[in-house]
Amino acid sequence: MTQIESNVTEKKQKLIFDIPMWPQEKIERFRETLLSWYDLEKRELPWRKNNDPYRIWVSEIMLQQTRVDTVIPYYLNFMKTFPTIKGLADANEDVLLKAWEGLGYYSRVRNMQTAAQQIMENYDGKMPVDPKEIIKLKGIGPYTAGAIASMAFGLPEPAVDGNVMRVLSRLFEIDADIAKPGNRKIFEGIMRELIDPYKPGDFNQAFMDLGSSICTPKNYHPESSPIKEFNQSYLKGTWDKFPVKSKKKKAKPVYYVGAIIKNSTGAFLLEKRPMQGLLANMWTFPLIEEELVIQETGIAIGTLTQLKDEELTEKVMKNVMLELGSKYGIRPTLMEAPFEEVQHIFSHLKWFVAVYYGQIRVEEPINIPENCYWVEPSDFDQYVFPGPQTKMWQSYLSKFKK
DNA sequence: CATGCGTGGAT
DNA sequence: TATCCAAGCAT
């Protein structure tokens, strides 16, 4: 190769998945600018007190799809209750789930315990340093592995989350749909070029702080960004086009009758949900799914309960009684029909729960299933309740305890 | 790769 | 009220 050809090669712009990468000099200026801003503006957060991998790991799991303000009190309580990886590995599952109650996405904490047990068995009780090992742990994917590797161990690993994709898509005018899982590797490739090799943890966190404070999804004002001079979409006035993000599907409606049944000693019937799936292993009042009423035209007009017709309500109560008898082995007297409709929106489902109230007569034989208990309200705090259950109970209290 | 998996806050 | 989210991962 001649000297001339060599120069041509050097000047040719490097492409990362068709995205033109900056020259080295600009990359270094960018790192300096971003890290200087971070040093001044970074938030003081409980998990930023030191670089302990366990503390960082717990925070990253909690922060998945969850806001910082929501996480902080849970984090402080969790670290107090389970201060070490061994403590987490050995924890009682109900105690563990109780520490997560209200935080959502409960498989996160079960997976984290499984990972803690993996660490105890395979890694001498210490978080592995190699990102290829970290990502083998249950509940740790590409983002969390990169976050732990860079923040706890100072390795130059990208940690691409929603913030990073949003910031990068605006910086480089990337129109790849950030909702598509396959596009994450585009942003990973760019981060591998940009990341500061001396302060990779700060660099990744700077992206996230920037994304949550200035480079936000809404009310975005690029002119106030510390890195505006690097921002291609700002310089070209196209920032409102980025990021490209396809819309989520709407939550599908599901209809239930929630049966709040009290026995002669003042205890209520609770059912433990299956160990897999939605709200796994959590407790609710019995829930009986209602079918939609379909007209001959094929159009759903609602559930029987929602039609608020006396004759139909009676029909529902008969169905509920039938179900309570066959599935729960009880034959209560239903007192209210229903007294309120509770709604709860999940990511993918919208529950409509028509709440019914009933009592068991003293002399009745009781033969409830194995996953059901009679529990007094004073003991409710020992059971892990999901949102819909809390709402049903609040609905009951507001109706009968005023 | 699309879908399942929670919750509370902002607009 | 309806919609969109907020530091994703397992399957």
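Here the structure is a predicted model, which is why all the values come from computation and not from measurement. Each chain gets a letter, A, B and so on, in the order its sequence line appears, and its residues count up from 1.
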Visitor: I need the CD-C1' distance between A/Gln65 and C/dC5, as an integer number of Å.
Guide: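 In whole Å, C/dC5 C1' lies 9 Å from A/Gln65 CD.
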
Visitor: Looking at A/Arg108 and A/Ile61, what are the two nearest heavy atoms and their distance?
Guide: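 The answer is NH1-O, 3.0 Å.
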
Visitor: A/Leu279 has a side chain; which of C/dC5, B/dG6, B/dA2 sits nearest to it?
Guide: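 The listed nucleotide nearest to A/Leu279's side chain is B/dG6.
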
Visitor: For A/Ile178 and C/dA6, give me the distance from atom CD1 to atom C1', rounded to whole Å.
Guide: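 Rounding to the nearest Å, CD1 of A/Ile178 and C1' of C/dA6 are 12 Å apart.
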
Visitor: Determine the contact category for A/Ile135: base if any of its heavy atoms lies under 4.0 Å from a base atom, sugar-phosphate if only primed atoms, P, OP1 or OP2 are that close, otherwise nothing.
Guide: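 No contact.
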
Visitor: Hey, are A/Glu101 and A/Lys98 close enough for a salt bridge, meaning a charged N less than 4.0 Å from a carboxylate O?
Guide: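 A/Lys98 and A/Glu101: salt-bridged.
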
Visitor: State, yes or no, whether a side-chain contact exists between A/Thr144 and A/Ile134 at a heavy-atom distance under 4.5 Å.
Guide: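 A/Thr144 does not reach A/Ile134 side chain to side chain.
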
Visitor: Using a heavy-atom cut-off of 4.0 Å across all strands, would you classify A/Thr70 as base, sugar-phosphate, or nothing?
Guide: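 Nothing: the residue A/Thr70, judged by heavy atoms under 4.0 Å, touches no strand.
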
Visitor: Taking 4.0 Å as the cut-off, does a side-chain nitrogen or oxygen of A/Lys138 come that near to OP1 or OP2 on C/dT11?
Guide: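 Looking at the OP1 and OP2 atoms of C/dT11, one of them is under 4.0 Å from a side-chain N or O of A/Lys138.
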
Visitor: Write down the distance separating the C1' atoms in C/dC9 and B/dC1, rounded off to the nearest Å.
Guide: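 To the nearest whole Å, 14 Å.
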
Visitor: So what does A/Gly211 touch, heavy atoms closer than 4.0 Å: a base, only the sugar-phosphate, or nothing?
Guide: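 The residue A/Gly211 makes no contact with any strand.
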
Visitor: Quick one: A/Gln118 CD to C/dC9 P, roughly how many Å, whole number?
Guide: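 The answer, rounded to whole Å, is 15 Å.
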
Visitor: Find the distance A/Arg108:CZ to C/dC9:P and express it as a whole number of Å.
Guide: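 Value for this atom pair: 11 Å.
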
Visitor: Provide, to the nearest angstrom, the distance between the NZ atom belonging to A/Lys249 and the P atom belonging to B/dG4.
Guide: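 Interatomic distance, NZ of A/Lys249 to P of B/dG4: 7 Å.
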
Visitor: Measuring only the P atom in each nucleotide, how far is C/dA2 from B/dC5? A whole number of Å is fine.
Guide: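 Those two atoms are separated by 23 Å.
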
Visitor: Under 4.0 Å, counting only non-hydrogen atoms across every strand here, what does A/Arg273 touch: a base, just sugar-phosphate, or nothing?
Guide: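 The answer is nothing, as A/Arg273 stays clear of every strand by at least 4.0 Å.
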
Visitor: Would you indicate which nucleotide in B/dT7, C/dC5, C/dT3 comes nearest to any side-chain atom of A/Lys250?
Guide: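 The nucleotide sitting nearest to the side chain is C/dT3.
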
Visitor: Name the nucleic acid region contacted by A/Asp69, choosing base, sugar-phosphate or nothing; use a 4.0 angstrom heavy-atom cut-off, strictly under.
Guide: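 No contact at all - A/Asp69 keeps every heavy atom at 4.0 Å or more from the nucleic acid.
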
Visitor: Report the distance from atom CE of A/Met62 to atom P of B/dT7, rounded to the nearest whole Å.
Guide: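 Whole-Å distance recorded here is 15 Å.
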
Visitor: Out of B/dA2, C/dA6, B/dC5, which nucleotide sits closest to the side chain of A/Ser347?
Guide: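 Shortest atom-to-atom distance from the side chain points to B/dC5.
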
Visitor: Report the residue (A/Thr66 or A/Leu137) whose heavy-atom-nearest nucleotide on DNA chain C is the more 5′ of the two.
Guide: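 Checking each residue's closest nucleotide, the 5'-ward one belongs to A/Thr66.
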
Visitor: Assuming nearest nucleotide by heavy-atom distance, tell me which of A/Ser59 and A/Gly139 is located more 5' along DNA chain C.
Guide: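 Nearer the 5' end of the strand: A/Ser59.
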
Visitor: Taking only side-chain nitrogens and oxygens of A/Asn219, does any of them come within less than 4.0 Å of OP1 or OP2 of B/dT11?
Guide: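 Yes, because at least one side-chain N or O of A/Asn219 sits under 4.0 Å from OP1 or OP2 of B/dT11.
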
Visitor: Whole Å only: how far is the CD atom of A/Gln64 from the P atom of C/dC9?
Guide: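 In whole Å, C/dC9 P lies 5 Å from A/Gln64 CD.
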
Visitor: Does any donor-acceptor pair link the side chain of A/Thr144 with the base of C/dG8 at a separation under 3.5 Å?
Guide: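 Not at all, since no donor on one side and acceptor on the other fall under 3.5 Å apart.
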
Visitor: For the residue pair A/Glu60 and A/Tyr143, confirm or rule out a side-chain donor-acceptor distance under 3.5 Å.
Guide: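 The answer is yes; a qualifying pair exists.
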
Visitor: Counting the atoms with a prime plus P, OP1 and OP2 as sugar-phosphate, which does A/Leu103 contact under 4.0 Å by heavy atoms, base, sugar-phosphate, or nothing?
Guide: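 A/Leu103: base contact, heavy atoms under 4.0 Å.
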
Visitor: To the nearest Å, how far apart are A/Phe346 CZ and B/dG8 C1'?
Guide: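 Roughly 14 Å, once rounded to whole Å.
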
Visitor: Should A/Tyr105 be listed as having a side-chain N or O under 4.0 Å from OP1 or OP2 of C/dA6?
Guide: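 It does not, given that no N or O in the side chain of A/Tyr105 lies less than 4.0 Å from OP1 or OP2 of C/dA6.
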
Visitor: Can you check the distance between B/dG4 and C/dA6, where both ends of the measurement are the P atom (answer in whole Å)?
Guide: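 B/dG4 and C/dA6 have their P atoms separated by 22 Å.
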
Visitor: Using a 4.0 Å heavy-atom cut-off, does A/Val71 contact any base of the nucleic acid, only the sugar-phosphate backbone, or nothing at all?
Guide: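 Nothing: the residue A/Val71, judged by heavy atoms under 4.0 Å, touches no strand.
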
Visitor: Between A/Glu340 and A/Lys399, does any side-chain N to carboxylate O distance fall below 4.0 Å?
Guide: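 Judged by the 4.0 Å cut-off on N to carboxylate O distance, A/Glu340 and A/Lys399 do not form a salt bridge.
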
Visitor: Taking the inter-plane angle between the rings of A/Phe268 and A/Trp393 on a 0 to 90° scale, is it parallel (under 30°), tilted (30 to 60°) or perpendicular (over 60°)?
Guide: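 It falls in the perpendicular class, over 60°.
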
Visitor: A/Arg273 and A/Thr284: side-chain hydrogen bond (donor to acceptor under 3.5 Å, both in side chains), yes or no, with the steps?
Guide: CA-CA 7 Å; A/Arg273 296 176 58 82; A/Thr284 67; 4.9 Å; no

Visitor: With respect to the phosphate group of B/dT7, does any side-chain polar atom (N or O) of A/His344 fall under 4.0 Å of OP1 or OP2?
Guide: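 Yes.
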
Visitor: For B/dT3, does either OP1 or OP2 sit under 4.0 Å from a side-chain N or O belonging to A/His348?
Guide: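 Negative; the distance criterion is not met.
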
Visitor: Classify A/Ile345 by what it touches in the nucleic acid, base, sugar-phosphate, or nothing, heavy-atom distance under 4.0 Å.
Guide: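 If one applies the 4.0 Å heavy-atom cut-off, A/Ile345 turns out to touch a base.
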
Visitor: Between A/Arg110 and A/Gly182, just flag the one whose closest nucleotide in DNA chain B comes earlier from the 5' side.
Guide: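 That would be A/Gly182.
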
Visitor: With DNA chain B as reference, determine whether A/Leu349 or A/Tyr74 sits nearer its 5' end, using the nearest nucleotide of each.
Guide: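 On the 5' side of the pair lies A/Leu349.
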
